[in-house]
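Any value given below was found using the heavy atoms of this structure, including those in side chains, with hydrogens, waters and symmetry copies removed. Note that this is a predicted model, so its numbers are computed, not measured.
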Amino acid sequence: VQLVESGGGLVQAGGSLRLSCAASGSIFSIKDMGWYRQAPGKERELVAAISSGGSTYYADSVKGRFTISRDNAKNTLYLQMNSLKPEDTAMYYCAARSLGAGNRVDSPYDYWGQGTQVTVSS
């Protein structure tokens, strides 16, 4: 499974961005997908996740501002980010979990993209 992110960039605080993640390869082997982010000097954190059935999870820091969605027909994952804050600045990574993986929110992801940079200026 290959994951390629796009849509990052520089935006002012209060602005919006939409990230996309195109999946290819053995798509049939994945179920859950998610977005992680990592800021310099900080640990990687799960921002949002969505199951194959459409159930979603959001980190408290982004609830009400970010929306995760997936288009299975296009094999694409999205993250709509509104009301962006400088603290949202990070490298954002798309991840996918295989069918045999655990179902917990913190279960490991098996496939990762290269990341797309999001920078929010104050």
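- Of the inter-residue distances, the one linking Ser61 atom OG with Asp88 atom CG reads 7.0 Å to the nearest 0.5 angstrom.
- In terms of heavy atoms, Ala90 sits closest to Ala39 at CB-N, 3.8 Å.
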Please lay out, stage by stage, how Phe66 and Asn82 fare under the test side-chain contact (heavy atoms from CB on, under 4.5 Å).
CA-CA 6 Å; Phe66 290 11; Asn82 299 329; over 6 Å; no

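- Pairing each heavy atom of Ala23 with each of Leu3, the nearest pair is CB-CD2, 3.7 Å.
- No more than 12 heavy atoms of other residues, nucleotides or ligands lie within 6.0 Å of CD in Gln114, so this atom counts as exposed by the packing criterion.
- Atom SG of Cys21 and atom CZ of Arg70 lie 10.0 Å apart (nearest 0.5 Å).
- Panel note: side chain Arg65, backbone Ser83; a donor-acceptor pair is recorded below 3.5 Å.
- Side-chain N/O atoms of Ser98 and Asp110 include a donor and acceptor closer than 3.5 Å.
- Rounded to the nearest 0.5 angstrom, Ile50 CD1 and Met33 CE are separated by 9.5 Å.
- Scanning both residues, Ala48 and Tyr58, for their nearest heavy atoms gives CB-CD2, 3.7 Å.
- One hydrophobic cluster holds both Val62 and Leu19 under the rule that ILVMFWY side chains link at heavy-atom gaps under 4.5 Å.
- Between the side chains of Asp71 and Thr76, not a single donor N or O lies within less than 3.5 Å of an accepting N or O.
- The closest donor-acceptor contact from the side chain of Ser51 to the backbone of Gly53 lies under 3.5 Å.
- Taking hydrophobic clusters as Ile, Leu, Val, Met, Phe, Trp and Tyr residues chained together by side-chain heavy-atom distances below 4.5 Å, Val47 shares a cluster with Leu84.
- In this structure, Asn103 CG and Ser55 OG are separated by 10.5 Å, a value rounded to the nearest 0.5 Å.
- For the pair Ala95 and Tyr36, the tightest heavy-atom approach, listed with the atom from each and the gap, is CB-CD1, 4.3 Å.
- The shortest side-chain heavy-atom distance between Thr67 and Tyr78 does not fall under the 4.5 Å cut-off.
- In the hydrophobic cluster analysis, where Ile, Leu, Val, Met, Phe, Trp and Tyr join through side-chain heavy atoms closer than 4.5 angstrom, Tyr111 is grouped apart from Leu46.
- In this structure, the side chains of Met81 and Arg18 stay at 4.5 Å or more apart for every pair of heavy atoms.
- For the pair Thr89 (side chain) and Thr119 (backbone), a donor-acceptor distance under 3.5 Å is absent.
- A cation-pi arrangement is absent between Arg97 and Trp112 under the rule of less than 6.0 angstrom and at most 45 degrees off the ring axis.
- Remark: Arg37 fails to qualify as a cation-pi partner of Tyr92 under the 6.0 Å distance and 45° angle criteria applied to the six-membered ring.
- A distance of 8.5 Å separates CG of Leu17 from OG1 of Thr116, quoted to the nearest 0.5 Å.
- Residue Gly115 comes nearest to Glu5 through the heavy atom pair N-OE1, 2.9 Å, listed as atom of the first residue, atom of the second, then distance.
- Considering all non-hydrogen atoms of both residues, Phe28 and Leu99 come closest at O-CD1, 3.4 Å.
- Asp60 has a carboxylate O that lies under 4.0 Å from a charged side-chain N of Lys63, or vice versa, which qualifies the two as a salt bridge.
- Side-chain atoms of Leu77 and Trp35, non-hydrogen and from C-beta on, do get closer than 4.5 Å to each other.
- Panel note: side chain Lys31, backbone Ala101; a donor-acceptor pair is recorded below 3.5 Å.
- Placement of Leu79 and Met91 in two distinct hydrophobic clusters is found when ILVMFWY residues are connected by side-chain heavy-atom separations under 4.5 Å, directly or transitively.
- A 4.5 Å side-chain heavy-atom check between Ser29 and Val1 finds at least one atom pair inside the cut-off.
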